[in-house]
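The next block holds one structure in the form of structure tokens; read it before the comments.
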Amino acid sequence: MAETPSQEQKTPTVVLCIGMAGSGKTTFMQRVNAHLHSEKKVPYVINLDPAVGNLPFTANIDIRETVNYKEVMKQYNLGPNGGILTALNLFTTKFDQVLSFVEKRATSTDYVIVDTPGQIEIFTWSASGAIITDTLAASYPAVVAYIIDTPRTTSPATFMSNMLYACSILYKTKLPFILVFNKTDVVSHEFAVQWMTDFEVFQQALAKDSSYMSSLMNSMSLMLDEFYQHLRVVGVSAVTGAGMDDFFKAVDEAKVEYEQEYKPEIERLIKEKQAKEEARKQEQLNKLMTDMKVSKGKEIDISTQEQQ
Ligand SMILES: Nc1nc2c(ncn2[C@@H]2O[C@H](COP(=O)(O)OP(=O)(O)OP(=O)(O)O)[C@@H](O)[C@H]2O)c(=O)[nH]1
Ligand SMILES: [Mg+2]
């Protein structure tokens, strides 16, 4: 019998907002949250930044309610970045609980949106960041929204550094990726789109940049051309709300990519891990049986024990 639509389970898409300090992640979260509320698609909101002073949106789960990062700094005698990392590590030990909270809301929400710490490397290059990302991506379609400070990326050298960083995150998370050029109310992202689609134009811009690194940058830009093929690019303004529809269109496309390419791979990895574990258990059992034969032990029949 065909399933009726009401029996179909909703699966929310997880949107991880990642980006350089000050690129506008938190403001973008606020905008996305407001946009979804206006469309009556209330998202599930998670804040993973222990150091944010004032959160301009209400989070369903806020790391600051679990760990006080200033206390962590004092207790472990750490600087600000060490404090944030330790706070994130402590929070990650409770992430199974976070997952069960999300699960309770999973059938009634379309999006889970996640804000990450200001210092990008704390999330992207730490074990806890990887655990959080992988755990979420193993349960739900997950996409990375890489937020870029457009006005600060107009020089070819800075642009390329930012793209290289984005590239490293793509390969680290292995998730569908959206480049979100933010602050387009200040500078349009047109130049970036042109640089990414027309290699010649970027080469010309590089040629004007007479730094000693030009030839190195020329070679790297060739490599980036390949990276651009795997991306979606949108321009937004977290302040004015411009580009929100484009962003959600990109999220929907990224979700399809997750289902078609990433999910089978994630399932294959989980199965591979289970098979290894099963093989290990079988090997231990075989060893035990061999030991028993050597010692002339007998196999016992548990079913006869029950009646005694
Ligand atoms: N003009 C303009 N300013 C923006 C926009 N988005 C964010 N900002 C400003 O950029 C600054 C940083 O914004 P945040 O949202 O705190 O950035 P963040 O990436 O969360 O910062 P950290 O968490 O500290 O790394 C703030 O002054 C924002 O008002 C935008 O779309 N347009
Ligand atoms: Mg922030």
Side-chain angles (χ1 to χ4, degrees), residues 14-36 38 43 45-70 72-73 79-88 91 112-126 128-129 132-133 143-154 158-159 161-163 165-166 168-169 173 177-193 233-248 250-251:
V14 176
V15 179
L16 289 163
C17 293
I18 298 176
M20 303 270 184
S23 54
K25 298 176 290 294
T26 304
T27 317
F28 181 71
M29 285 279 295
Q30 178 190 23
R31 172 58 62 188
V32 165
N33 186 38
H35 180 86
L36 289 171
S38 74
V45 185
I46 303 178
N47 171 44
L48 295 180
D49 186 359
V52 65
N54 175 37
L55 209 58
F57 49 81
T58 311
N60 295 88
I61 296 174
D62 189 343
I63 186 171
R64 296 174 307 164
E65 283 170 18
T66 316
V67 274
N68 180 335
Y69 116 96
K70 287 206 170 133
V72 169
M73 270 171 71
N81 286 341
I84 297 171
L85 181 60
T86 304
L88 194 66
F91 183 76
V112 176
I113 54 175
V114 185
D115 197 3
T116 59
Q119 297 298 329
I120 188 169
E121 63 277 11
I122 290 179
F123 188 74
T124 51
W125 294 102
S126 66
S128 44
I132 292 174
T133 307
V143 306
V144 171
Y146 184 75
I147 319 292
I148 298 160
D149 190 329
T150 314
R152 287 210 204 161
T153 321
T154 51
T158 323
F159 180 78
S161 309
N162 214 333
M163 290 303 110
Y165 209 99
S168 71
I169 294 171
T173 61
F177 215 77
I178 306 167
L179 284 188
V180 181
F181 283 92
N182 188 27
K183 311 193 185 181
T184 52
D185 54 299
V186 183
V187 171
S188 159
H189 69 301
E190 277 307 309
F191 74 92
V193 173
V233 179
V234 294
V236 304
S237 165
V239 166
T240 67
M244 276 299 120
D245 291 337
D246 290 344
F247 173 71
F248 280 100
V251 172

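Basis for what follows: all heavy atoms, side chains included, without hydrogens, waters or symmetry-related copies. This chain uses plain numbering: 1 for the first residue, then up along the sequence. Start at 1 and go down the list; that is how both ligands and their atoms are numbered.
In summary, the atoms of ligand 1 found under 4.0 Å from a heavy atom of V186, numbered by their order in the structure, are 1 (N). Listed by number with element, the atoms of ligand 1 under 4.0 Å from a non-hydrogen atom of D49 are 23 (O). Here is the list of ligand 1 atoms found below 4.0 Å of a heavy atom in A21: 25 (O).
Both the backbone and the side chain of T26 come within contact range of ligand 1, each with a heavy atom under 4.0 Å. The residue T184 has no part lying near ligand 1, judged by heavy-atom distances below 4.0 Å. With a heavy-atom cut-off of 4.0 Å, D185 touches ligand 1 through its side chain alone. With a 4.0 Å heavy-atom cut-off, ligand 1 is reached by the side chain of N182 but not by its N, CA, C or O.
P43 and N33 get closest at one heavy-atom pair: CG-OD1, 3.3 Å. For the pair V67 and A87, the tightest heavy-atom approach, listed with the atom from each and the gap, is CG2-O, 3.7 Å.
For the atom pair CE (M163) and OG1 (T153), the distance works out to 7.0 Å, reported to the nearest 0.5 Å. To the nearest 0.5 Å, atoms CD1 (I46) and SG (C17) are separated by 11.5 Å. Between D185 atom CG and T240 atom OG1 the span is 5.5 Å, to the nearest 0.5 Å.
In terms of protein heavy-atom proximity, atom 18 (P) of ligand 1 is closest to K25 N, 3.4 Å. Protein heavy atom in closest approach to atom 8 (N) of ligand 1: K183 CE, 3.6 Å. Counting protein heavy atoms only, atom 21 (O) of ligand 1 is closest to G22 N, 3.3 Å. In terms of protein heavy atoms, atom 31 (O) of ligand 1 is closest to A238 N, 2.8 Å. Nearest protein heavy-atom neighbour of atom 15 (O) of ligand 1: T27 OG1, 2.4 Å. Here the heavy atom of the protein found nearest to atom 23 (O) of ligand 1 is G118 CA, 3.5 Å.
A donor-acceptor pair is defined here as one N or O able to donate and one able to accept, closer than 3.5 Å; no such pair exists between the side chain of K25 and the backbone of V114. Checking side-chain atoms of S237 against main-chain N and O of T184 turns up no donor-acceptor pair under 3.5 Å. Between the side chain of N182 and the backbone N or O of A238 there is at least one donor-acceptor pair closer than 3.5 Å. At least one donor-acceptor pair under 3.5 Å links the side chain of R31 to the backbone N or O of V239.
Remark: ligand 1 and G24 share an N or O pair separated by less than 3.5 Å (distance only, no angle test). Considering backbone and side-chain N/O atoms, F28 never comes within less than 3.5 Å of an N/O atom of ligand 1.
Put simply, the side chain of I120 reaches to within 4.5 Å of the side chain of I18, judged on heavy atoms. Using a 4.5 Å heavy-atom threshold, the side chains of R152 and T158 count as separate. Side chains of D246 and V236 form no contact here, defined as non-hydrogen atoms less than 4.5 Å apart.
Under the 30°/60° scheme for interplanar angles, the aromatic rings of F28 and F247 are found to stand perpendicular.
Under the 4.0 angstrom criterion, atom 2 (C) of ligand 1 counts as having a protein heavy-atom contact.
At a 4.0 Å cut-off, not a single heavy atom of G19 sits close enough to ligand 1 to count as contact.
Centroid-to-centroid, the aromatic rings of H35 and F248 come within less than 6.0 Å.
Under 2.8 Å from the Mg ion (ligand 2), one finds the following protein N/O/S atoms: T26 OG1.
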